[in-house]
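Note that the coordinates shown come from a computational prediction; the quantities given were computed from them, not determined experimentally.
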Amino acid sequence: MNIFPESISQIGSEMDKLFWIITAVVGIATVITLFLFIYPIVTRKRNKTKEEMYMVGNSHNKRKWVYIGMMLLFLGDMYILLKEHPIWESVEQTLPEPDFKIVIIGKQWMWNIIYPGPDGKLYTDDDVMAYNELHVPVNKVVHMDIKALDVVHSVFLPQARFKQDALPGRTITRWIKLNKTGEYDISCAEICGTGHSIMRGTMYVEDFNTWEKTMADIYKK
Amino acid sequence: MGTHKKHGFWHRYFFSLDHKDIGFQYLLTAMFMAAFGGFFVYVFRYNLAFGPSDIPLYGDLAAKQYNQLVTNHGAIMIFWVGMPILLAVIGNYLIPIMIGTDDMAFPTLNKISYWIFLLSCIVLLSGFLMPTGAFGGGWTMYPPLSVSDFGYNNPNTTFWSNFFTGNTFFLLAVALEFISMLMGGINFVVTTLNKRAKGMSLMRLPLVVWMVNIANLLFMFSVGPLIAGAFMLLMDILVGTGFFDAYRGGDPILWQHLFWFFGHPEVYVLLLPSIGAVGEIISTFSRKPLFGYKMVILMVIIAAILSLVVWAHHQFVSGIDPGAANIFSLLTIIISIPFAGMVLSYLGTLWKGNIRLEIPMLWALGMLATFTFFGGFTGLHLGSNVFDIYAHDTYFVIAHFHYTLFPTVFLGGFAAFYYWYPKFSGRMMNKTLGLIHFWGTFIFFNTIFIPLFWLGLQGQHRRIYNYSAWNDLLMQPEHIMARQIATVSLIFLLLFQFVFLFNFFYSLKKGKKASKNPWEANTLEWQTDSPPPHGNFDPYPVVQRWPYDYNHPEKELDYCPQTES
Ligand code: HEM
Ligand SMILES: [Cu+2]
Ligand SMILES: [Cu+2]
């Protein structure tokens, strides 16, 4: 049984790895804490003196194990932050030069995709609109201008580990670069009304030649 | 103090000013609402596992109703079950008897607070009777969906047609509930500050009293922005002001900030009283002082303050500035530290204890374990802004926050209930039934939510009526099986609650008579009769020591009541 659906981007695989890093930190903390839970319960019937049991913890010295535990967790926290930050920077805070740009618009309850048309430029008269079908070339940086018409939606590409809310009245530009061809899902991750659960699109990741042909077909129509 | 005279049913359940009666009224009302919250979750989970038609006790479920049930399940469990039980019941019942006084500072305000609470329940449920049905836009009420189903205020509607909608009723119900909780909160804080028995210094207060008060202050600090937001949203709904309408100069994200500025502290508002009660119980049944009492209070205050500045971790991918998201990620992950201090102190209390595994102790240990291992630790996954890109709005989040809220509200709530039941009823609960109830609830709670973690990692997003559109991704046999395991477990979990209900009412009449202090505990409530008379104490107690002198080396017994010199 796999934990994640297949990953189709470099960034996505790094995010999966981050999940396991966090799980490892948490796992170590769990083992230690679990021992502190179970040991006193197992030994609860042993004889102890009142002096032993009257543990108030009213000085720093007596609380040193608590501090040590907090310190260890702090180290774990810092390790997580250290590992995650570069990924966040490259996903969210940088925008590499695009090879291709599209617009994706959420509306109740479908995804409108706008392709740049034969002139290769968005927001010009020859732009072409398609519904629920997104064709992107493999191994290319694709920019997406994410928008919504009516309510908040959220573009969720599970296999690409990508998610961005789509807001009415705003354009948010994000990028993806996918490294596997195939058919993948576009989900809407933000509740958007009665049809929220039928709001699915398909993302086709195609090698460059196939993709060019698909585009030509779309533009002909 | 006055004489103790028996009052009739109407008096006791409707007009009494006695804090114990009001606490009991809150308890019964919250249990009534929990029945709705539980029934809703049964219906929509049944649908997810076995399809929308012919749901036993319900019938067919449509997509729109699914959203309504999910929304109202969430809101009910938080505002109409969690808050009344953990703030109002614990606060009302326990504060006066634990600090050694006769009643609240403002008994009439207390009574009014209950009446408003009852009204809020009625308003919420009548949302289901509106022509367009109950509100179904998620308990977070993100506009523009919460303004109307289509995202804008239709100019053809009138004020009154906008008024009689699920949206308006939902907002009004939440507003009334806040008013009620604020009245209660003021009362608790003033009572604690002004009405303590002689000798009850702040550093001799039982932990749970501290926690209820910190929780109330936190609620008061955080609720203001949401009230402003709720007013704007109400105006958007009723007269189309467009505060959250991007096409008319508004901003939908503004609501998200106002909501979560309240919403994140809110989960701590629930957590603190529960963890406070668990602390009392762990100390009593370990026969040991609460380890690091002062430090726990300090840690909780630090966590409460931090909780006011982490709200945007709910919005990492909502369109906020990605640079700001880094700060929120850092603060969120850091908040684990004070909690670690608190949990370790509790574990220090267990260490070398003569642990008595009575029923309340089982619930308390179960609460602490599930909260820490599954709730707290998965918070680190989600606090990481990178992983949250993927996990946000999936069942990983659902499982995470249920692993914090279910232990808080139900495991901690039951711990408190079983612990103080002898005090408020004068009788002991049946132990065998208690054991059955505990294990049934504890085991099935875990088997509900562990599969949901996995489904979330598989990419199953939330608030979805039917996954058939995601055939390859989410409709494989193992997904269907995981959903069914969760749902069947839920049905068992609900059935085990009938054991509790039976035990509750049966023991009220037939239970073994409880002594004053059946658990051999130190706090003041155990020094008066079970149940305490009207006025609570006669004469008033004088406090000589802090509440945790268990196994004091100079004392012969293994406990030492606060009134003993
Ligand atoms: C009795 C056991 C419970 C079960 C099996 C359960 C199950 C669920 C599930 C499966 C969902 C997600 C539905 C969806 O997104 O389609 C949900 C939503 C939610 N639950 Fe629970 N729940 C339980 C108890 C609680 C408790 C005790 C609380 C809080 C104190 C709570 C608060 C919420 C909230 C706030 C939501 C989100 C509602 C929304 O999406 O608007 N639940 N519950
Ligand atoms: Cu949508
Ligand atoms: Cu949606």
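- Residues Trp546(B) and Val56(A) have side chains in contact (heavy-atom distance under 4.5 Å, counting atoms from C-beta outward).
- Residue Phe285(B): no heavy atom, backbone or side chain, is found under 4.5 Å from chain A.
- For the 3.5 Å distance criterion, the side chains of Asp77(A) and Ser336(B) qualify, holding a donor opposite an acceptor.
- Contact annotation for Met78(A): only side-chain heavy atoms (C-beta onward) come within less than 4.5 Å of a heavy atom of chain B.
- Only the side chain of Tyr39(A) comes within contact range of chain B, judged by heavy atoms closer than 4.5 Å.
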Check step by step if salt bridge (charged side-chain N to carboxylate O under 4.0 Å, His left out) holds for Lys50(A) and Asp558(B).
CA-CA 8 Å; Lys50(A) 285 194 163 209; Asp558(B) 72 350; over 6 Å; no

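- A distance of 6.0 Å or more separates the ring centres of Phe37(A) and Tyr346(B).
- With respect to chain B, the highest number of heavy-atom pairs below 4.5 Å among Ile80(A), Asp150(A), Val91(A), Val66(A) belongs to Val66(A).
- Heavy-atom distances place no part of Glu6(A) under 4.5 Å from chain B, backbone and side chain included.
- For Leu73(A), the parts lying near chain B are the backbone and the side chain together; criterion is any non-hydrogen pair under 4.5 Å.
- Within the 4.5 angstrom heavy-atom criterion, only side-chain atoms of Ile172(A), from C-beta onward, approach chain B.
- Aromatic ring pairs are classed by plane angle as parallel below 30°, tilted from 30° to 60° and perpendicular above 60°; the pair His461(B) and His196(A) is perpendicular.
- When each of Ile146(A), Asn58(A), Leu157(A), Leu149(A) is scored by its heavy-atom pairs under 4.5 Å with chain B, the top score falls to Leu149(A).
- Donor-acceptor pairing under 3.5 Å is recorded for the side chains of Asn326(B) and Gln93(A).
- At a 4.5 Å heavy-atom cutoff, the contact between Phe373(B) and chain A is made by side-chain atoms alone.
- Under the 4.5 Å side-chain criterion, counting only non-hydrogen atoms from C-beta, Ile389(B) is not in contact with Phe162(A).
- The residue among Asn2(A), Val25(A), Ile198(A) with the most heavy atom pairs within less than 4.5 Å of chain B is Asn2(A).
- Options Gln65(B), His392(B), Arg287(B), Lys64(B) differ in how many heavy-atom pairs under 4.5 Å they form with chain A, and the most are formed by His392(B).
- Residues Asp16(A) and Tyr390(B) have side chains that never bring a donor and an acceptor to within less than 3.5 angstrom of each other.
- Residue Ile41(A) touches chain B through both its backbone and its side chain, counting heavy-atom pairs closer than 4.5 Å.
- Within a 6.0 Å sphere centred on NZ of Lys48(A), heavy atoms belonging to other residues, nucleotides or ligands number more than 12.
- Put simply, the side chain of Leu350(B) does not reach to within 4.5 Å of the side chain of Leu36(A), judged on heavy atoms.
- When heavy atoms are compared at a cutoff of 4.5 Å, Glu84(A) approaches chain B by way of both its backbone and its side chain.
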Per-pair distances, 0.1 Å, donor-acceptor, side chain in residues 27-35 of chain A, under 3.5 Å, sequence neighbours excluded:
residue	atom	partner	partner atom	Å
Thr30(A)	OG1	Val26(A)	O	2.7
Thr33(A)	OG1	Ala29(A)	O	2.4

